[in-house]
Amino acid sequence: MIDLIFPDGSQRQFDDGVTGRAIAGSISKSLEKKAVLVKLDGELLDLDRPLARGGRFEILTRESPEALETIRHDVSHIMAEAVQELFPGTQVTIGPAIEDGFYYDFARDEPFSLDDLPKIEQRMKEIVERDEPIKREVWDRDEAIRHFESIGERYKAEIIRDLPEDEEISVYRQGSWKDLCLGPHLPSTRAAGKAFKLTKLAGAYWRGDHRNPQLQRIYGTAWASEAELDAYLHRLEEAEKRDHRKIGQAMDLFHFQEEGRGMAFWHPKGWTLYRTLVAYMRRRMEAAGYQEVKTPQLLDRSLWERSGHWDKFHSDMFVCETDEGEVLAVKPMNCPGHVQIFNHGQRSYRELPIRLAEFEGLHRYESSGSLHGLLRVRQLAQDDAHVFCREDQVESETRDFVRLLNLVYADLGVELHAVKLALRPEVRAGSDEMWDRAEAMLERAARDVGLEFEILPGEGGFYAPKLEFHLRDAIGRTWQCGTLQLDMVMPERLDASYIGEDGLKHRPVMLHRAIFGSIERFLGVLIEHYAGAFPLWLAPVQLVVATITSDADDYAREAAAALQAKGLRVELDLRNEKVGYKVREHSLAKTPVIAVVGRREAEQRQVALRRLGSDRQQLMGLDDAANALASEASPPDLARQAAGALAPRTAVVREAG
RNA sequence: GCCGCCUUAGCUCAGCCGGUAGAGCGGCGCAUUCGUAAUGCGUAGGUCGGGUGUUCGAGUCACCCAGGCGGCACCA
């Protein structure tokens with residue numbers, strides 16, 4: 001007998017080997033009909049799986065949020081069955097559920113075409129209607145290998161071979177089709193429903209390794225109901241409208257062209273946005289005790305060899321050779337340069353921490369296939385800084401950094417969503433002892449400052465473990481932007497040292513940190529976050545003064561000048577067009593404020609303000625409007641300062657050790 | 001880099017089965033001076049990403065190259 005505890009707290013006994021279906025049936029006929037899965041101590045199991053032990057037990061219907069992943073997994077199997085029916089000779093590999101949907105990787109010589117997708121979808125729907133029962137079977141390992149090889153499924157046979165010896169080999173049969181799978185699955189194909197759609201074709205490497213053969217991946221999305229599917233497709237459309245590449249084009253912010261792949265041409269408006277953002281960060285960092293520096297764009301190969309970058313990254317760097325035979329690399333990052341500044345002269349423990357910041361351009365030879373608008377470029381700049389400090393300062397530096405990061409994200413209207421601690425990767429510089437210490441120190445600092453974080457083994461940087469800061473945008477997508485890396489390797493390799501209280505040389509710890517990360521990328525994220533409708537302080541054009549008739553031209557010029565004199569970024573629209581036309585055009589251009597002036601405003605020395613997204617008008621005296629808008633347009637940090645909330649920090653020449 | 005798809009006026013896009021290119025927006029000109037998301041009329045823009053081939057004839061078919069897009073791999 002086994003004891004099952006139900007969600008309502010009641011407890012019942014059942015015979016060994018009882019199935020979820022039988023239990024559901026013992027409760028009610030309707031539940032038996034609706035049940036698709038069971039959950040035993042948190043583990044999802046097939047409805048017809050005999051239960052061998054007791055525990056906390058729950059019967060799930062297909063409406064349950066937890067069943068959704070299984071629905072998607074089932075749909076991926078249904079797709080595989082459809083593909084094998086339609087395209088005999090295609091081998092199956094794996095097909096998991098993923099966020100919002102599923103995919104399945106197939107091996108087939110002939111490529112699938114986009115036109116095949118509707119056919120496959122059609123066949124999938126037929127399979128759902130066939131209501132094929134899905135049954136779990138446990139097979140003998142060798143027999144399974146032999147079976148899959150005999151039917152030409154080499155990848156499946158390989159998967160079984162690589163499974164641990166003691167693992168049960170489960171095969172799921174759905175109708176006459178079968179697949180090696182861990183499960184669980186719904187009781188029949190009908191339960192998967194038809195709220196699915198195949199979305200894209202892609203290449204993918206077998207087992208995610210580019211040395212392996214490339215398979216054909218078909219992606220799809222699947223939901224419990226048509227309504228949810230429609231809502232998802234609608235979300236996709238909305239996300240597409242926010243695409244920073246489209247908005248960048250429409251708002252005339254930047255462009256790319258063939259001759260400069262992965263390198264943005266920033267137009268006046270885009271560059272204004274860029275500079276506004278960077279100016280904001282400069283002030284923040286200066287207030288937080290960072291010192292800005294500038295280091296060479298090109299540095300001799302020997303320095304990159306010493307830093308360790310040449311070994312690991314030289315094929316990802318732009319390298320040039322002079323007539324005299326020097327080999328120079330365009331800097332892909334600032335760290336080695338900053339160490340040179342740190343190393344220049346002798347450092348005392350009393351000077352630490354030294355925080356060196358740089359916003360200069362970096363170049364990385366990113367592979368052609370990875371370029372993606374502003375999100376992945378070859379030329380970029382970062383809000384980059386390196387903090388050289390003593391080990392006992394790591395915690396307070398981490399604390400200050402996290403505080404700054406939170407403040408910055410709040411100012412920009414984004415939300416810190418998650419923190420992750422990425423530990424040593426397989427390929428890395430530095431000894432294991434160093435990594436042990438660096439990881440322990442960073443983890444401890446993160447805990448001490450009260451961060452909650454997930455640990456990502458193997459995801460760390462080349463020479464340092466890192467804390468990743470993921471933010472969430474307006475439509476719920478997350479982006480990794482901020483980073484804090486604790487590096488003991490580069491100070492060692494580049495021989496950075498300071499004189500301690502004991503008069504001896506010590507190695508500083510080097511913290512690599514950024515809040516935006518790549519500024520290009522961050523701007524891409526911000527453009528999508530705001531869908532181009534930036535808050536007033538960031539908007540490239542903050543205000544347009546638009547006339548109704550030419551009678552108001554002179555006054556409009558005067559008004560624009562007055563607004564401009566207050567530091568506002570103003571455009572003047574005197575064109576011979578109707579106001580409706582001008583309002584529409586500037587609204588589409590996402591101008592935050594339109595100041596309309598006609599004869600009445602000219603006579604009264606007023607402006608009629610119209611905010612983006614609203615059709616209301618606010619009539620104000622010109623001087624009042626200029627003052628109000630100017631204060632509204634001041635960047636959040638300056639606004640706080642003006643409000644007296646934050647006194648400007650005076651530079652400390654030397655703190656007591 | 002790998003797989004698939006795409007590449008037509010400044011922008012967004014239409015051009016079926018091969019017979020030497022269209023629309024809307026934008027630009028320019030003229031008229032209109034019109035009170036908050038598109039005033040009317042007129043006009044100028046392209047040889048169809050680049051190349052080779054098939055064909056009497058190619059934007060339309062085939063192949064090669066480049067770029068873009070969607071993934072994969074990579075990401076200091």
Side-chain angles (χ1 to χ4, degrees), chain A residues 103 105 111-116 199-219 243 245-246 249-250 252 255-262 304 307-317 331-336 362 364-373 375-378 382 384 425 427-429 459-464 466 480 483 485 487 490 512 514 517-518 521 546-553 575-589 594-601 608-617:
Chain A
Y103 67 78
D105 285 346
F112 290 114
S113 90
L114 243 31
D115 302 330
D116 294 330
T199 51
K200 50 199 172 196
L201 276 175
Y205 298 103
W206 167 235
R207 298 201 148 155
D209 189 325
H210 68 280
R211 290 164 300 196
N212 287 338
Q214 196 155 29
L215 307 169
Q216 296 187 64
R217 175 171 298 179
I218 302 178
Y219 281 95
D243 191 313
R245 291 166 297 189
K246 283 191 179 170
Q249 160 82 22
D252 194 20
H255 85 267
F256 289 93
Q257 66 187 52
E258 284 187 32
E259 296 85 344
R261 306 184 68 182
W304 302 110
S307 73
H309 291 96
W310 190 265
D311 252 7
K312 168 116 165 79
F313 292 111
H314 85 271
S315 57
D316 302 320
M317 293 160 73
K331 68 174 170 183
M333 42 153 43
N334 297 310
C335 351
L362 305 172
R364 298 175 177 185
Y365 187 12
E366 301 284 2
S367 66
S368 56
S370 67
L371 301 177
H372 182 95
L375 301 183
R376 188 85 178 266
V377 288
R378 285 181 169 171
Q382 299 178 323
D384 193 18
V427 183
R428 58 182 180 265
E459 301 275 311
F462 178 51
Y463 38 69
K466 65 178 170 190
Q480 193 230 305
T483 180
Q485 307 179 17
D487 180 6
M490 205 174 306
H512 306 243
S518 150
R521 181 177 134 90
T547 51
I548 296 173
T549 65
S550 53
D551 293 347
D553 283 4
R575 289 174 305 169
N576 178 16
E577 299 287 354
K578 295 190 170 181
V579 236
Y581 178 85
K582 295 186 182 181
V583 166
R584 175 183 155 82
E585 193 166 86
H586 297 120
S587 298
L588 289 175
I594 302 172
V596 174
V597 295
R599 193 172 305 163
R600 288 207 299 271
E601 285 76 15
L609 302 181
R610 183 192 162 117
R611 305 279 174 156
L612 181 59
S614 157
D615 55 3
R616 285 212 301 254
Q617 299 164 45

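This one's a predicted model, so the numbers in the text were calculated from it and none came from an experiment. Sequence lines set the chain letters: A, B, ... in the order given, protein chains first and strands last, and positions in each chain run from 1. Scope of the values below: all heavy atoms of this structure, side chains included, with no hydrogens, waters or symmetry mates.
Residues A/Met490 and A/His512 share a closest heavy-atom pair of CE-CE1, 4.0 Å. Across every non-hydrogen atom of A/Phe256 and A/Gly373, the tightest pair is CZ-O, 3.4 Å. Among all heavy-atom pairs drawn from A/Glu601 and A/Ala608, the shortest one is OE2-CB, 3.8 Å. Taking each heavy atom of A/Tyr463 and A/Gln485 in turn, the nearest pair found is CE1-OE1, 4.2 Å. Minimum interatomic distance between A/Arg378 and A/Ser368 (heavy atoms only, all atoms of both residues): NH2-N, 3.8 Å.
Of the candidate nucleotides B/C72, B/G1, B/G67, B/C72 has the atom lying nearest to any side-chain atom of A/Arg217. Taking only side-chain atoms of A/His372, from C-beta outward, the nucleotide of B/G70, B/A37, B/C74 with the closest atom is B/G70. For A/Gln249, counting side-chain heavy atoms from C-beta on, the closest listed nucleotide (B/G71, B/G35, B/C11) is B/C11. When distances run from any side-chain atom of A/Asp316 to the nucleotides B/A76, B/C72, B/A37, the shortest one goes to B/A76. Set against B/G35, B/G70, B/A76, the side chain of A/Ala202 has B/G70 as its closest nucleotide. Distances from the side chain of A/Arg245 to the nucleotides B/C69, B/A76, B/G1 place B/C69 closest. Closest to the side chain of A/Ser370, from the set B/G27, B/C74, B/A76, is B/C74. Checking B/C75, B/U33, B/A76 against the side-chain heavy atoms of A/Thr549 singles out B/U33 as nearest. Taking only side-chain atoms of A/Lys312, from C-beta outward, the nucleotide of B/C74, B/C75, B/G35 with the closest atom is B/C75. Considering only side-chain atoms of A/Leu114, the nucleotide from B/G71, B/C5, B/A73 that sits closest is B/C5.
Distance check on atom P: B/U43 versus B/C56 gives 40 Å, rounded to whole Å. Nucleotides B/G68 and B/G40, compared at atom P, are 39 Å apart to the nearest Å. When the C1' atom is compared between B/G22 and B/G15, the two are found 7 Å apart, to the nearest whole Å. One P atom belongs to B/U12, the other to B/G49, and the distance between them is 14 Å to the nearest Å. Nucleotides B/U55 and B/A73, compared at atom P, are 45 Å apart to the nearest Å. Rounded to a whole angstrom, the distance from the P atom of B/G57 to that of B/A66 is 29 Å. Taking atom P on both B/U8 and B/C48, the two are 11 Å apart, rounded to the nearest angstrom. Rounded to a whole angstrom, the distance from the P atom of B/C41 to that of B/G59 is 34 Å.
Across all strands shown, B/G22 forms a Watson-Crick or G-U wobble pair with B/C13, both key distances being under 3.5 Å. Applying the Watson-Crick and G-U wobble criteria (two distances, each under 3.5 Å), B/G1 pairs with B/C72. Using the Watson-Crick or G-U wobble rule with both distances under 3.5 Å, B/G42 pairs with B/C28. The partner of B/U47 is absent, by the rule that a Watson-Crick or G-U pair needs both atom distances under 3.5 Å. Across all strands shown, B/C61 forms a Watson-Crick or G-U wobble pair with B/G53, both key distances being under 3.5 Å. Applying the Watson-Crick and G-U wobble criteria (two distances, each under 3.5 Å), B/U7 pairs with B/A66.
Annotated as syn: B/G45, whose glycosidic dihedral is within 90° of 0.
With RNA chain B read from its 5' end, the first of the two nearest nucleotides for A/Ser550 and A/His309 is the one closest to A/Ser550. Take the nearest nucleotide of RNA chain B for A/Tyr365 and for A/Leu612: the residue whose nucleotide is more 5' is A/Leu612.
Between A/Lys578 and B/U39 there is no side-chain polar atom (N or O) within less than 4.0 angstrom of OP1 or OP2. Listed pair A/Arg599 / B/U33 fails the phosphate criterion, with no side-chain N or O lying under 4.0 Å from OP1 or OP2. Taking side-chain N and O atoms only, A/Tyr219 has no distance below 4.0 Å to OP1 or OP2 of B/G4.
Of the inter-residue distances, the one linking A/Leu215 atom CG with A/Trp206 atom CH2 reads 7.0 Å to the nearest 0.5 angstrom. Distance check: A/Met317 CE to A/Trp310 CH2 gives 6.0 Å after rounding to the nearest 0.5 Å. Atom CD of A/Glu366 is separated from atom CZ of A/Arg261 by 12.0 Å, given to the nearest 0.5 angstrom.
Here A/Gly580 lies in heavy-atom contact (under 4.0 Å) with sugar-phosphate atoms only. Heavy atoms of A/Pro332 sit under 4.0 angstrom from at least one base atom. Residue A/Ala250 is classed as having no contact, given no heavy-atom separation below 4.0 Å to the nucleic acid. Backbone-only engagement by A/Tyr463 is indicated by non-hydrogen atom pairs under 4.0 Å involving sugar-phosphate atoms exclusively. As judged by a 4.0 angstrom heavy-atom cut-off over every strand, A/Leu588 is placed among the base-contacting residues. Nucleic acid contact class of A/Glu258 (heavy atoms, under 4.0 Å, all strands): sugar-phosphate only. Within 4.0 Å (heavy atoms only), A/Gly308 reaches no atom of the nucleic acid at all. Using a 4.0 Å heavy-atom criterion, one finds that A/Tyr205 contacts the bases of the nucleic acid, with or without backbone contacts as well.
If you measure from atom CZ of A/Arg584 to atom C1' of B/G24, you get 12 Å, rounded to the nearest angstrom. Here B/C72 presents its C1' atom at 9 Å from CG of A/Asp105, a figure rounded to the nearest Å. With rounding to whole Å, A/Lys246 atom NZ is found 12 Å from B/C69 atom P. Regarding A/Glu577, its CD atom lies at a distance of 13 Å from the C1' atom of B/G29, rounded to whole Å. When rounded to the nearest whole Å, the span between CG of A/Leu371 and C1' of B/G67 equals 11 Å. A straight line from CD of A/Gln382 to P of B/A76 spans 11 Å, rounded to a whole angstrom. To the nearest angstrom, C1' of B/G1 lies 13 Å from CD of A/Glu366. A straight line from CG of A/Asp311 to C1' of B/A76 spans 13 Å, rounded to a whole angstrom.
Using modelled atom types, no side-chain atom of A/Lys312 and backbone atom of A/Arg428 make a donor-acceptor pair closer than 3.5 Å.
The ring of A/Phe313 lies on top of the base of B/A76, close enough and flat enough: under 5.5 Å between centres, under 30° between planes.
The base of B/C75 lies close enough to the side chain of A/Arg376 for a donor and an acceptor atom to sit less than 3.5 Å apart. In terms of polar N and O atoms assigned as donor or acceptor, the side chain of A/Glu601 comes within less than 3.5 Å of the base of B/G35 in a complementary pairing.
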Next item on the list: Show your reasoning for whether salt bridge (Lys or Arg N to Asp or Glu O under 4.0 Å) applies to A/Arg245 and A/Asp243.
Entry: CA-CA 5 Å; A/Arg245 291 166 297 189; A/Asp243 191 313; 2.6 Å; yes

